[in-house]
Trainee: 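Sharing a structure, written as structure tokens. Questions coming.
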Amino acid sequence: MPLEIDKQGGAGSWVIAVRGEVDLYSSPELRTAITKAMPKSGGSVTVNLSGVPYMDSSGVATLVEGYRSALETGTQFVLAAPSQAVMKVLQLSRLDSVFTIREGA
Amino acid sequence: MNDTSEHIIEVRDLVVKYGDRTVLDGLNFQIRRGETFVILGGSGCGKSTLLRNLVGLMRPYSGEILFNGRDITTMTDDERIEVRKRVGMCFQGSALFNSMSLADNVALPLREHTRLASSTIDIQTKIKLALVGLSGFEEYLPAEISGGMKKRAGLARAMAMDPEIIFYDEPSAGLDPIVAAGLDMLIRKMQSTFNLTSVVVTHEMASVRLIADTVCMLNAGRIVGTGKIDELERSKDPFIQQFFERRPDEESDTRDDYIRSLMGIDLPGNAT
């Protein structure tokens with residue numbers, strides 16, 4: 001299942017909708033999308049994960065990178081609608097309490 | 001993660017020989033996706049040889065080993081390398097590179113086989129080491145940590161590429177019971193979170209009871225029983241009973257056989 005990434009929004013407020021499995025081979029694409037969407041300062045980036053049935057540790061690491069960049073730029077970084085499988089990986093990595101996670105997309 | 005068939009591994013009529021000696025003799029079994037499959041048996045029964053064949057480090061004399069439906073015994077070397085990227089191996093001696101830090105040991109396969117950014121790999125490496133309880137030890141060398149920590153670092157490296165299946169060769173060997181139990185719990189945790197298939201070669205019964213979904217028991221290169229641990233414990237097979245009851249072999253040599261083997265002669269009065 002190839003990764004599909006759709007970016008919508010503007011004026012420093014972006015929603016990145018991800019569809020497909022985020023793994024060692026596809027996570028660089030997600031990283032590029034998050035990096036490009038990150039405002040120079042302020043604003044928000046929401047990563048909609050409702051279409052992601054599986055995410056490996058490279059995907060988690062990519063989200064951590066996004067979170068770190070957002071902290072540096074004062075941007076709100078939100079994960080939206082992660083599946084149970086993705087939540088489990090975030091919980092095992094003890095990152096579920098670090099990210100701002102919104103249940104709905 | 002696209003393969004969804006019930007069995008991740010199927011072994012058919014596997015025969016392995018060292019020269020003329022048959023080490024594995026016509027094995028047939030299947031490993032379900034997401035289960036912990038334990039290969040159990042005494043020393044020298046062929047457990048480690050079986051593991052080396054399952055991982056593709058050896059080619060068998062005959063038979064098939066299907067990984068996600070594809071026979072690895074007939075694959076080219078390049079195809080096998082691709083398969084190995086989806087497989088993690090936890091070696092008995094951990095097999096860490098002594099000149100590298102733990103972080104570099106874990107990061108190595110990611111640097112070699114992926115296009116991930118180094119900053120992503122750094123975070124991923126920290127996550128893997130934290131998963132096995134080695135947060136803060138990233139810059140330590142293998143020589144600077146205990147045996148149990150080395151095993152855990154070996155597991156972190158085996159997990160580096162987020163494999164579908166991890167093979168463990170005697171994971172508890174040489175560990176005290178508390179550290180061994182911690183490692184068993186870790187194997188369980190990885191399985192439940194990532195639906196990771198684990199294949200564990202061991203003869204540690206305490207560990208088997210804790211982690212095994214299915215046990216495959218080998219004796220002298222043949223399967224003598226497969227099933228849940230309590231099913232095997234009720235088995236009438238003499239070897240399985242002896243193994244679970246920890247009964248030693250009866251001495252096969254008589255006194256006269258022993259003296260004959262030492263001196264190369266028959267004792268007077270023996271008409272054999």
Side-chain angles (χ1 to χ4, degrees), chain A residues 1-5 18-36 38 47 49 51-73 77 79 82-99, chain B residues 1-4 33-34 82-88 103 106-136 138 155-166 185-196:
Chain A
M1 191 176 177
L3 199 66
E4 290 173 27
I5 296 176
V18 189
R19 187 175 298 277
E21 297 182 347
V22 183
D23 60 17
L24 289 173
Y25 306 99
S26 62
S27 61
E29 285 177 61
L30 177 59
R31 181 175 186 270
T32 303
I34 293 174
T35 305
K36 281 185 177 169
M38 195 62 67
V47 184
L49 296 169
V52 177
Y54 170 80
M55 178 180 283
D56 72 8
S57 63
S58 68
V60 175
T62 300
L63 295 177
V64 171
E65 282 195 277
Y67 176 78
R68 195 169 57 188
S69 300
L71 279 182
E72 286 165 6
T73 56
F77 188 75
L79 306 184
S83 65
Q84 221 176 351
V86 171
M87 267 311 284
K88 232 173 162 184
V89 178
L90 293 174
Q91 284 162 353
L92 187 79
S93 318
R94 289 182 293 168
L95 291 165
D96 53 320
S97 58
V98 174
F99 290 116
Chain B
M1 293 299 292
N2 292 324
D3 294 294
T4 52
R33 199 174 295 283
E82 283 308 306
V83 167
R84 282 199 207 119
K85 288 181 191 172
R86 301 162 74 181
V87 164
V106 176
L108 186 65
L110 294 165
R111 290 181 185 140
E112 291 289 320
H113 298 300
T114 73
R115 297 179 298 116
L116 295 170
S118 62
S119 53
T120 309
I121 292 176
D122 285 349
I123 294 170
Q124 219 177 333
T125 299
K126 284 177 182 161
I127 290 173
K128 299 286 157 142
L129 285 169
L131 276 177
V132 299
L134 289 176
S135 240
E138 289 84 0
L155 176 54
R157 191 181 56 186
M159 292 185 343
M161 297 276 288
D162 288 276
E164 289 177 56
I165 183 166
I166 295 192
M185 297 307 291
L186 202 54
I187 292 172
R188 264 323 218 185
K189 190 164 85 170
M190 296 303 138
Q191 185 216 15
S192 66
T193 306
F194 296 109
N195 196 31
L196 196 61

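Source: prediction; values computed, not measured. These values consider heavy atoms only, across backbone and side chains, with no hydrogens, waters or symmetry-generated copies. Lettering of chains follows the sequences in order, A, B, ..., and the numbering in each one begins at 1.
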Trainee: What part of B/M161 lies closer than 4.5 angstrom to a heavy atom of chain A: side chain, backbone, both or neither?
Mentor: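 Backbone plus side chain of B/M161, per the 4.5 Å heavy-atom cut-off to chain A.
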
Trainee: Checking side-chain polar atoms at under 3.5 Å, does B/S119 have a donor or acceptor matched by the opposite partner on A/R31?
Mentor: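 Per modelled atom types, B/S119 and A/R31 side chains form a pair under 3.5 Å.
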
Trainee: Taking atom types as modelled and ignoring hydrogens, do the side chains of B/Q124 and A/S57 form a donor-acceptor contact shorter than 3.5 angstrom?
Mentor: yes

Trainee: Give, as side chain, backbone, both or neither, the part of B/I121 having an atom under 4.5 angstrom from any heavy atom of chain A.
Mentor: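 Neither part.
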
Trainee: Show your working on side chain to side chain contact (heavy atoms under 4.5 Å, CB included) between A/V60 and B/I123 and close with a plain yes or no.
Mentor: CA-CA 9 Å; A/V60 175; B/I123 294 170; over 6 Å; no

Trainee: So B/D162 and A/Y54, side chain to side chain contact (heavy atoms under 4.5 Å, CB included) or not? Walk me through it.
Mentor: CA-CA 12 Å; B/D162 288 276; A/Y54 170 80; 4.3 Å; yes

Trainee: If I compare all heavy atoms of B/R115 with all of A/Y25, which pair ends up nearest, and what's the gap?
Mentor: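 Closest heavy-atom pair between B/R115 and A/Y25: NH2-O, 3.4 Å.
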
Trainee: Kindly give the heavy-atom pair with the smallest separation between A/S27 and B/L116, and that separation in Å.
Mentor: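 What the structure gives for the nearest pair is OG-CD2, 3.2 Å.
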
Trainee: Can you say whether B/K85 sits under 4.5 Å from chain A via the side chain, the backbone, both, or neither, judging by heavy atoms?
Mentor: side chain

Trainee: Can a donor-acceptor pair be found, under 3.5 Å and without considering hydrogens, that links the side chain of B/K189 to the backbone of A/L92?
Mentor: no

Trainee: Atom CZ of residue position B/R111 - does it have more than 12 heavy atoms of other residues, nucleotides or ligands inside 6.0 Å?
Mentor: yes

